[in-house]
Enquirer: 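There's a structure below that I have some questions on.
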Amino acid sequence: MEELIYTYIFNLGNGKEKEFHVRLNAETLNCIQPKEIVNPEWTRLEYSQCRNCPLTVSQYEFCPIAANLVEPIAFFKDSISYEKADVLVKTKERDIFGKTTIQKGLSSLIGIYMVTSGCPIMEKLKPMVYQHLPFASPEETVYRATSMYLLGQYFLNKEGKEADWELKGLVKIYEKIRIVNEDICKRLRDAASEDASVNAVVILNVFVDMLSFSIERGLNRLKHLFSSYLSF
């Protein structure tokens, strides 16, 4: 089975170093979790199930997202958000380095774990995982998310199905993701004694806000980039 591997290397101010190897099935983009990981109580689906979760306890013992986050949450459970961290992300094509904080580095890592977990609500963001961009700014995320969605609409149109060129469906997707982010935070508050893990997910909702606001404004902040298209 071909794999995509994203390696996150955290060097913390206290001298600790930790590597996370995010291994993905290259075809499905599902995360391949180590078999030796034991799921704690807070990962059970019924423990603090998301308000909009389509899964049932009879089908799933554990929340897919929570089960994917066991390793990073265990390591960072005593970490404070604003602590400094040097984070190196290694991919097949390039290495990306960020001199940042724990919460920002962890937010990037948690984001990819959430999307590749198998959670049905997060599935729509999987195409962005293929071109994963660590430490993305809100503006970069808006550009990538809208581009991803419009390419999806192109493929729908090619199959003779109705396409959504107004991005209304994308706003709805992110509204559902907002609820997931909020409710995952509730789990993490029980799993961690400090705030780095929770705030890492809170950062993800900043992107949700930015995306919704940008679409409401007609993506005007990006329009000037396409002047060569609009001049025809």
Enquirer: Give the C-alpha distance, both sets of side-chain angles, the deciding distance and a yes or no for side chain to side chain contact (heavy atoms under 4.5 Å, CB included) between Leu150 and Leu167.
Expert: CA-CA 8 Å; Leu150 289 172; Leu167 302 175; 3.6 Å; yes
Enquirer: Closest approach of Cys63 and Ile184, non-hydrogen atoms and distance?
Expert: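 Scanning both residues, the minimum pair turns out to be SG-CD1, 4.2 Å.
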Enquirer: How close do Ser117 and Cys119 get, heavy atom to heavy atom, and via which atoms?
Expert: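 Heavy atoms only, the tightest pair is OG-N, 3.2 Å.
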Enquirer: Does anything in residues 130-168 pair up under ring-ring contact (aromatic ring centres under 6.0 Å, His included), and if so which pairs, sequence neighbours excluded?
Expert: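 Applying ring-ring contact (aromatic ring centres under 6.0 Å, His included) to every pair that reaches into residues 130-168, excluding sequence neighbours, yields Tyr6-His132.
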Enquirer: Is it true that a side-chain atom of Asn25 and a backbone atom of Thr28 form a donor plus acceptor pair closer than 3.5 Å?
Expert: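 Such a contact is found between Asn25 side chain and Thr28 backbone.
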Enquirer: Start with the C-alpha distance between Phe10 and Val87, add both sets of side-chain angles, then the distance that settles side chain to side chain contact (heavy atoms under 4.5 Å, CB included), and finish with yes or no.
Expert: CA-CA 5 Å; Phe10 284 79; Val87 185; 3.6 Å; yes
Enquirer: Quick one: CG on Leu151 to OG1 on Thr146, what's the gap to the nearest 0.5 Å?
Expert: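 Going from CG on Leu151 over to OG1 on Thr146, the span is 11.5 Å.
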Enquirer: Is there a side-chain contact between Ser81 and Ile102 in this structure, where contact means two heavy atoms from C-beta onward sitting under 4.5 Å apart?
Expert: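 Counting from C-beta outward, Ser81 and Ile102 never come under 4.5 Å.
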Enquirer: Once you round to the nearest 0.5 Å, how far does CD1 of Ile173 lie from NZ of Lys124?
Expert: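 Going from CD1 on Ile173 over to NZ on Lys124, the span is 5.5 Å.
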Enquirer: For Glu123, enumerate each residue passing the side-chain hydrogen bond (donor to acceptor under 3.5 Å, both in side chains) test, keeping only those at least two apart in sequence or located in another chain.
Expert: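 So Glu123 forms a side-chain hydrogen bond (donor to acceptor under 3.5 Å, both in side chains) with Lys126.
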Enquirer: What residue pairs, at least two apart or across chains, pass side-chain hydrogen bond (donor to acceptor under 3.5 Å, both in side chains) with a residue in residues 105-115?
Expert: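 Pairs touching residues 105-115 that pass the test: Tyr8-Ser108.
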Enquirer: Does any part of the side chain of Asn199, heavy atoms only, come nearer than 4.5 Å to the side chain of Ile203, both counted from C-beta?
Expert: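 No - every pair of side-chain heavy atoms lies 4.5 Å or more apart.
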Enquirer: Is Val171 close to Ile215 at the side-chain level, that is, under 4.5 Å between some pair of heavy atoms?
Expert: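 Sidechains of Val171 and Ile215: in contact.
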Enquirer: Can you find a heavy atom in the side chain of Leu12 that is under 4.5 Å from one in the side chain of Glu83?
Expert: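 Leu12 does not reach Glu83 side chain to side chain.
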Enquirer: So which residues get pulled into Ile80's cluster when ILVMFWY side chains under 4.5 Å apart are joined, directly or through others?
Expert: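 Taking Ile, Leu, Val, Met, Phe, Trp and Tyr as members, Ile80 shares its hydrophobic cluster with Tyr82.
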Enquirer: What is the distance from atom CZ of Phe75 to atom CG of Leu106, rounded to the nearest 0.5 Å?
Expert: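 Reported to 0.5 Å precision, the distance equals 10.5 Å.
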Enquirer: Can you find a heavy atom in the side chain of Ile110 that is under 4.5 Å from one in the side chain of Ile73?
Expert: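 Ile110 reaches Ile73 side chain to side chain.
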Enquirer: Quick one: does Glu162's side chain get under 4.5 Å of Leu156's, heavy atoms only?
Expert: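 No - every pair of side-chain heavy atoms lies 4.5 Å or more apart.
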Enquirer: Minimum heavy-atom separation for Leu188 to Ser197, with atom names?
Expert: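 Closest pair (atom of Leu188, atom of Ser197, distance): CD1-O, 3.8 Å.
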Enquirer: Do the side chains of Tyr174 and Leu222 join up, straight or via other hydrophobic residues, at under 4.5 Å, putting them in one cluster?
Expert: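 Yes, because Tyr174 and Leu222 connect within a single hydrophobic cluster, where side-chain heavy atoms sit under 4.5 Å apart.
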Enquirer: Of all residues at least two apart in sequence or in a different chain, which pass the side-chain hydrogen bond (donor to acceptor under 3.5 Å, both in side chains) check with Lys16?
Expert: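 If we apply the side-chain hydrogen bond (donor to acceptor under 3.5 Å, both in side chains) test to Lys16, skipping adjacent residues, there are no hits.
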Enquirer: Mind checking who shares a hydrophobic cluster with Ile5, ILVMFWY linked at side-chain heavy-atom distances under 4.5 Å?
Expert: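 Reading the cluster by chain and number, Ile5 sits alone, since nothing else belongs.
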Enquirer: Looking only at non-hydrogen atoms, find the nearest pair between Phe207 and Ala136 and report the distance.
Expert: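 Closest approach of Phe207 to Ala136: CZ-O, 3.4 Å.
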Enquirer: Is Leu133 linked to Val142 within one hydrophobic cluster, defined over Ile, Leu, Val, Met, Phe, Trp and Tyr using a side-chain heavy-atom separation of less than 4.5 Å?
Expert: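 Looking at the clustering, Val142 is in a separate group from Leu133.
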Enquirer: When clusters are formed by joining ILVMFWY residues with side-chain heavy atoms under 4.5 Å apart, either directly or through shared neighbours, do Met210 and Val115 land in the same one?
Expert: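 They do share one cluster, since a chain of ILVMFWY contacts under 4.5 Å joins Met210 to Val115.
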Enquirer: Does the distance from a Lys or Arg side-chain N to an Asp or Glu carboxylate O, for Lys168 and Glu166, drop under 4.0 Å?
Expert: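 No, Lys168 and Glu166 are not salt-bridged.
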Enquirer: With a 4.5 Å limit on heavy-atom distance, are the side chains of Pro40 and Val70 in contact?
Expert: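 Yes, at least one pair of side-chain atoms sits under 4.5 Å.
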Enquirer: Does Leu88 sit in a hydrophobic cluster with other residues, and if so which ones, taking ILVMFWY side chains as linked at heavy-atom separations under 4.5 Å, directly or through other members?
Expert: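 Leu88 shares its hydrophobic cluster with Ile9, Phe97.
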Enquirer: Would Tyr47 and Val198 show up in the same hydrophobic cluster when neighbours are defined by side-chain heavy atoms closer than 4.5 Å?
Expert: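 Yes.
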Enquirer: Holding to side-chain hydrogen bond (donor to acceptor under 3.5 Å, both in side chains), I want the full list of residues that pass it with Asp78, two or more places apart in sequence or in another chain.
Expert: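 Listed in chain order: Ser193.
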Enquirer: For residues 185-198, pull every pair meeting salt bridge (charged side-chain N to carboxylate O under 4.0 Å, His left out), keeping only residues two or more places apart or in separate chains.
Expert: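 Only Asp183-Lys186 qualify under salt bridge (charged side-chain N to carboxylate O under 4.0 Å, His left out).
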Enquirer: Between CG of Leu204 and CE of Met114, what distance do you get to the nearest 0.5 Å?
Expert: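 Leu204 CG to Met114 CE: 6.5 Å, rounded to 0.5 Å.
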Enquirer: Return yes when atom CZ of Arg51 has more than 12 non-hydrogen atoms of other residues, nucleotides or ligands closer than 6.0 Å, and no otherwise.
Expert: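 It does: Arg51 CZ has more than 12 such atoms within range.
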Enquirer: Which value, rounded to the nearest 0.5 Å, describes the distance between Met148 atom CE and Leu170 atom CG?
Expert: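 Met148 CE to Leu170 CG: 6.0 Å, rounded to 0.5 Å.
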Enquirer: Show every salt bridge (charged side-chain N to carboxylate O under 4.0 Å, His left out) that has at least one partner inside residues 132-147, sequence neighbours left out.
Expert: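 For residues 132-147: Glu139-Arg221.
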Enquirer: For the pair Asn52 (side chain) and Lys176 (backbone), establish whether a donor and an acceptor sit closer than 3.5 Å, ignoring hydrogens and angles.
Expert: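 It does hold such a pair.
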Enquirer: Say you draw a straight line from CG of Asp86 to OG1 of Thr100; how long is it, rounded to the nearest 0.5 Å?
Expert: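 The OG1 atom of Thr100 is 9.5 Å from CG of Asp86, to the nearest 0.5 Å.
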Enquirer: Which heavy atom in Gln153 sits nearest to a heavy atom in Asp164, and how many Å separate them?
Expert: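 Between these two residues, the closest heavy atoms are OE1-N, 2.8 Å.
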Enquirer: Would you mind writing out the side-chain donor-acceptor pairs for residues 17-24 within the sub-3.5 Å range, not counting sequence neighbours?
Expert:
from	atom 1	to	atom 2	distance (Å)
Glu19	OE1	His21	NE2	3.1
His21	ND1	Thr7	OG1	3.1
Arg23	NE	Glu3	OE1	3.1
Arg23	NH2	Glu3	OE1	3.4
Arg23	NH2	Glu3	OE2	2.6

Enquirer: Looking at residues at least two apart in the chain, or sitting in another chain, which of them share a side-chain hydrogen bond (donor to acceptor under 3.5 Å, both in side chains) with Arg44?
Expert: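 side-chain hydrogen bond (donor to acceptor under 3.5 Å, both in side chains) check on Arg44 returns Glu41, Glu61.
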Enquirer: With clusters defined by side-chain heavy atoms of hydrophobic residues (ILVMFWY) lying less than 4.5 Å apart, directly or transitively, does Leu29 cluster with Leu125?
Expert: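 In one cluster with Leu125: Leu29, yes.
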Enquirer: Using the rule given for side chain to side chain contact (heavy atoms under 4.5 Å, CB included), can you reason through Leu4 versus Lys92, listing the C-alpha separation, both sets of side-chain angles and the distance that settles it, and then say yes or no?
Expert: CA-CA 8 Å; Leu4 288 177; Lys92 181 179 179 181; 6.0 Å; no
Enquirer: Any side-chain heavy atom of Thr91 within less than 4.5 Å of one from Ile96?
Expert: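 No; the side chains remain at least 4.5 Å from each other.
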Enquirer: Looking only at non-hydrogen atoms, find the nearest pair between Asn181 and Val201 and report the distance.
Expert: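 Reported closest heavy-atom pair: O-CG1, 3.5 Å.
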